[in-house]
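The structure under discussion appears below in the form of structure tokens.
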Amino acid sequence: MDKKIRVLLFKPGLDGHWRGIMTVSKALSEASMETIFFGFKTVAGVVEAAIQEDVDVLGFSVHSGAHLEWAGELIDELKAQGARDDFLLIVGGVFPEQDHDELKEIGMDGVFGPGTVTADIVTFIRENLKSMKVE
Amino acid sequence: MKMADSEEITQGLEGWNKEKDGWEERKPEFTSDAGIPVKDLYTPLDTENIDYVRDIGFPGQPPYTRGVYPTMYRGRHWTIRMFSGHGTPEETNDRWRMLYDEGETGFSAAVDSLTFSGVDPDQEVHGAAHEVGKEGVPLYSIRGVEALVDNLPIEKMSVALVVEPMTSAAITSMYFNVARERGMRKEQLAGTTQNDILTMTIGYIPWGSLKPADLLKLACDLIEYCTAMGEAPRWNPINFTTYNYREGGIDAVQEIGMGLANAVAHIEELLRRGWKIDDFVHRLAFHLSAHRDFFEEIAKYRAARKLWYRLMKERYHPENPDAYRFRFHVQTAGCSLTAQQPMVNIVRTAYQALEAVLGGTQSLHTNSYDEAICLPSEESVRLAVRTQELIQEETGVTSVVDPLAGSYYVEALTRELEERIWDYFMRIEEMGGVVEALNTGWLFNEMSKAFNKRRRDQESGDERIIGVNCYVMEDEEATPPFRTNPRAAEVEKDRLADLRRERDESKVAALLNQLREVCEKRENVLPVVSELTAAGATLGEITGVYREIWGIWQLPFVA
């Protein structure tokens, strides 16, 4: 049997809109993934934990309008800790579609805006982890 | 209408039931959003146990089912109060001025995540600078509040400060101090501070939150100061914001049940402090949601009024007749908005606004169509204001008080909700009240069960959402987003740097020490916090003292 997919999810910054990420967390657990959820923690702390816990996926949720800033900071921190290509990176939350491309350019692998069906996140994770391993 | 004999109706109904035998229905069962079974037809038989005089009565009279004032909108329309704020206080002031010109009749400040959490932008808190002005207006010191209300007619327009117990004393006193600078006495000021502990715990989880008992203490400090001590008698020092819990996915029954339990926690704390019920209870107000089930929401407002009356009458017996009136603001449901086909949000919001009006609200916020994507643009918020103006000017629904009373369905549903809400409220009471229900994690569990159920219902298509799980459009053109000022963090850091340079540092330091003592002794923080904000202390400094003395709350849940 395959090893369970391990996912670390977090809320960056001060914004307290947690419902979205908790919902995703629950949906991923229901899809037999192992999820670790961090509330308020620094991005540096999150990256450290992701390396230590050897997770496959690192994801965060933003409702503060600062999605571009947080994505940038995450990539910088991953580089600083030598883990730029170690995880599949996903982001979700309330942000305009016009920013999806920029989030991908910054380095996010999966971008999920409002109205996303959680099954699509599950499929995305499974398919993309497979291709990462093939590479 | 001539009263029919119930036997005659029963016979008629039997005949009708036989006749429709063989007529197929669209689905096997129909339920309301709260899961209440909904019949195909309501008749006088469904309202047989309702006594008009006792249970429905007249507007402005017990049990207030039909409204808290005798004339309702024939006397005066509800307040058009748009929750609004972005970028810097100056930009928010521009937006407020525009809303005022468009016909808004009350202001409401949406603050950013730093203001909500009591953090300054120059504080060493991770990521603070990223979020300045992004979700609302930054109000970190009295200077921000001065700029926010500069040249606005606050002597005649009420202002709602949507901040919670962690920062309610600081922000409210900043506002009172600014009004004093402008020559007004706080006794004259009309407005509201949201000041809701459940918003801070189950609705939204701010960074570095205090423990529930400490939040309750701060919330009650403001009620005590404004109302019981008579410092700001026209101010509503709290607005139990069931809207925010509802946004998490719970239903109408849970919404009002939690709201009543929350109010009781505050009443009991103030009584414990030695105040009499009549010293404060008439100023407690509510902020409700308007959600997707049209009739259920209307019945909810009617039931809530009646239940508040019952709570006062059975348990607290205030002498002031105003104490029995359940006054509320309504916000249309943000979580019902979709990023897909956003123009549909205009229609959703209009129906929800109509619910609030038919339900007798005192004040209303209508969401803008782009709010599932970003903060509202000028164009979208103008349309949201127009939605309310249209109800006032063109529909005629405001000519008659409580026009849906007497509908067999609405009356039966009002009764059903009343019973279910009271039972839910009693369950929370029996487990020791909301603070206990927070500490044990029970309330979190209720929230998470609710939002996971809603997700499953939405993803399975049981809960239909246009543009998301039905009537989906491929290749939609994206709505141009409104962007907040990218320089807001710099502007606010400069504002604070100027303030820190100009203020009397030793005075602020001495007052902060005084606040430490007040917190240790658990005395009312308002008098010293008022002095602090007048002396130029910042929000982060004041909230920092609470955190230092009382400690931060460890959430009792694992997601």
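Note that the structure is predicted; figures quoted are calculated from it, not measured. All chains are named by letter (A, B, ...) in the order of the sequence lines, taking the proteins before the strands, and each is independently numbered beginning at 1.
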Stepwise side chain to side chain contact (heavy atoms under 4.5 Å, CB included) test for A:E97 and B:Q340: CA-CA 10 Å; A:E97 212 183 305; B:Q340 292 72 23; over 6 Å; no
Test B:H130 against A:H67 for side chain to side chain contact (heavy atoms under 4.5 Å, CB included), laying out the working first. CA-CA 9 Å; B:H130 286 336; A:H67 44 285; over 6 Å; no
Could you give me the CA-CA distance, side-chain angles and deciding distance for B:E247 and A:H17, then say whether side chain to side chain contact (heavy atoms under 4.5 Å, CB included) is met? CA-CA 11 Å; B:E247 283 288 286; A:H17 289 104; over 6 Å; no
Just do the side chain to side chain contact (heavy atoms under 4.5 Å, CB included) check on B:R455 and A:K26 with the steps written out, would you? CA-CA 10 Å; B:R455 169 179 62 86; A:K26 177 87 177 168; 3.8 Å; yes
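Residue contact with chain A, scored on non-hydrogen atoms closer than 4.5 Å, involves the backbone and the side chain of B:L114 alike. At a 4.5 Å heavy-atom cutoff, the contact between A:K41 and chain B is made by backbone atoms alone. For B:P206, the part lying under 4.5 angstrom from a heavy atom of chain A is the backbone only. Contact annotation for A:A27: both backbone and side-chain heavy atoms come within less than 4.5 Å of a heavy atom of chain B. At a 4.5 Å heavy-atom cutoff, the contact between B:T479 and chain A is made by backbone atoms alone. When heavy atoms are compared at a cutoff of 4.5 Å, A:V43 approaches chain B by way of both its backbone and its side chain. Neither the backbone nor the side chain of A:S29 comes within contact range of chain B; no heavy atom of the residue lies under 4.5 Å from a heavy atom of that chain. Using a 4.5 Å cut-off between heavy atoms, B:S117 touches chain A through its side chain atoms alone.
Rounded to the nearest 0.5 Å, atoms CD1 (B:I205) and CG (A:D15) are 10.5 Å apart. How far CG of B:L555 is from CH2 of A:W18: 5.5 Å, rounded to the nearest 0.5 Å. The structure places OG of A:S64 at 4.0 Å from CD of B:E131, a figure rounded to the nearest 0.5 Å. Here the CG-OG distance, from A:L14 to B:S113, works out to 4.5 Å after rounding to the nearest 0.5 Å.
Using modelled atom types, no side-chain atom of A:R19 and backbone atom of B:G203 make a donor-acceptor pair closer than 3.5 Å. Remark: the backbone N or O of A:G65 is not paired with any side-chain donor or acceptor of B:E135 at under 3.5 angstrom.
Across B:P480, B:A478, B:G249, B:A339, the residue that shares the most heavy-atom pairs under 4.5 angstrom with chain A is B:A478. Among the candidates A:T116, A:D99, A:V62, A:T42, the residue making the largest number of heavy-atom pairs closer than 4.5 Å to chain B is A:T42. Note on B:I373, B:I465, B:N469: by heavy-atom pairs under 4.5 Å with chain A, the leading option is B:I373.
Under the ring-ring contact (aromatic ring centres under 6.0 Å, His included) criterion, B:F116 pairs with B:Y204, sequence neighbours left out.
Other residues, nucleotides and ligands contribute more than 12 heavy atoms inside 6.0 Å of the NZ atom of B:K211.
Applying the salt bridge (charged side-chain N to carboxylate O under 4.0 Å, His left out) test to every pair with at least one member in residues 100-117 of chain A, sequence neighbours left out, gives no pairs at all.
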